[in-house]
> 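Supplied in structure tokens, the structure appears directly below.
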Amino acid sequence: MKQANKWTVKDVITTVLLTVLLIVIQLVVNMVCMVNDFVSMVLSVGFTMLLCAPVYFLMVSRIHKRFVSLIYMTILGCVFLIMGNWYLLPYYIVVGLICEAILWKNGWESKGKMTAAWTISSLLYNGVNLLPIWFFWDTYEAFALSSGMEQSYIDSFVRYYTSAGWLAAIILFTVICGFLGSMIGGKLIQKHFKKAGVL
């Protein structure tokens, strides 16, 4: 079994490449979903968590070491930092630390622990939309307008994320999608990745 505390150059490269793939998936889902306000506000985060879960499972299982989740979340936070949402960097570092706590004792060998880590990540990923509403509205609004978002889109964002009913539905949908994605990821690891020699 691989040493949990010894990283190789190959491990670093693999982690970075799969992290880039995860981020690309997220950005593509966001862009596609922006054609409709409802899909963008209510469904896009769930779709992201569903599609990214198998890649996350592959990354954690293949690297087989601690701090994979933290590196992924930190790089994701840096992308948001570059985009102007600086407050998401420390937030995603915290999310990464929570994942690491769940996976700390050989979690990469347990589908249950990886499922728990990704499902909780799915719950917390909603912070990307909630933090601006709660704490950083001026920063977000300036970023949104400078990015070319229409005022109607921003108004829809406020409407969905300040409604208790819609917020509950969004969070529930996201968590369910994250859990289902984890189930898919776990099955892919057993049926395909291991047989193909990827793991």
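Here the structure is a predicted model, which means the values were calculated and not measured.
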> Counting distance only, does the side-chain N/O of W86 pair as donor-acceptor with the main-chain N or O of F80 below 3.5 Å?
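Not at all, since once roles are kept as given, no pair shorter than 3.5 Å links the two residues.
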
> Just jot down the side-chain contact (heavy atoms from CB on, under 4.5 Å) partners of V55, sequence neighbours excluded, or say none.
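Applying side-chain contact (heavy atoms from CB on, under 4.5 Å) to V55 gives L18, L21, L22, I25.
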
> Quick one: side-chain contact (heavy atoms from CB on, under 4.5 Å) partners of I23, sequence neighbours excluded?
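For I23 the side-chain contact (heavy atoms from CB on, under 4.5 Å) partners, ignoring immediate neighbours, are T19, L27, I75, L76, V79.
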
> Could you pull out the closest heavy-atom pair between I189 and S61, with the gap in Å?
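Here I189 and S61 meet closest at CD1-OG, 3.2 Å.
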
> Closest heavy-atom contact between P54 and I184?
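For P54 versus I184, the nearest heavy atoms are CG-CG2, 4.1 Å.
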
> Kindly state each residue pair satisfying ring pair (Phe, Tyr, Trp, His ring centres under 6.0 Å) with at least one member in residues 31-54, sequence neighbours excluded.
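Matches after skipping sequence neighbours: F38-W166, F47-F173.
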
> Go through the structure and list residues passing side chain to side chain donor-acceptor pair (under 3.5 Å) with T8, not counting sequence neighbours.
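In terms of side chain to side chain donor-acceptor pair (under 3.5 Å), with neighbours along the sequence ignored, T8 is linked to D11.
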
> Can you sort out the partners of L167 under side-chain contact (heavy atoms from CB on, under 4.5 Å), two or more places apart, ordered by chain and number?
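Once residues adjacent in sequence are excluded, the partners of L167 under the side-chain contact (heavy atoms from CB on, under 4.5 Å) criterion are L130, Y161, I171.
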
> Mind checking what makes side chain to side chain donor-acceptor pair (under 3.5 Å) contact with N36, not counting sequence neighbours?
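Partners of N36 under the side chain to side chain donor-acceptor pair (under 3.5 Å) test: none.
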
> Show every side chain to side chain donor-acceptor pair (under 3.5 Å) that has at least one partner inside residues 38-54, sequence neighbours left out.
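Only S40-Y153 qualify under side chain to side chain donor-acceptor pair (under 3.5 Å).
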
> Among Ile, Leu, Val, Met, Phe, Trp and Tyr joined by side-chain contacts under 4.5 Å, find the other residues sharing a cluster with M183 and list them by chain and number.
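Besides M183, the cluster holds F179.
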
> Got a list of side-chain donor-acceptor pairs under 3.5 Å for residues 91-104, not counting sequence neighbours?
{"residue": "Y91", "atom": "OH", "partner": "L124", "partner atom": "O", "Å": "2.5"}
{"residue": "E100", "atom": "OE1", "partner": "F67", "partner atom": "N", "Å": "2.8"}
{"residue": "E100", "atom": "OE2", "partner": "F67", "partner atom": "N", "Å": "3.1"}
{"residue": "E100", "atom": "OE2", "partner": "V68", "partner atom": "N", "Å": "3.2"}
{"residue": "E100", "atom": "OE2", "partner": "S69", "partner atom": "N", "Å": "2.9"}
{"residue": "E100", "atom": "OE2", "partner": "L70", "partner atom": "N", "Å": "3.1"}

> My understanding is that only residues two or more places apart in sequence, or in another chain, count here; which of them pass side-chain contact (heavy atoms from CB on, under 4.5 Å) with I13?
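I13 satisfies side-chain contact (heavy atoms from CB on, under 4.5 Å) with V9, L17 once adjacent residues are dropped.
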
> Can you list the residues that meet the side chain to side chain donor-acceptor pair (under 3.5 Å) rule with Y160, with sequence neighbours excluded?
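With neighbours one apart ignored, the set is empty.
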
> Would you give the length of the straight line joining atom NZ of K65 to atom CH2 of W7, rounded to the nearest 0.5 angstrom?
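If I round to the nearest 0.5 Å, the distance is 7.5 Å.
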
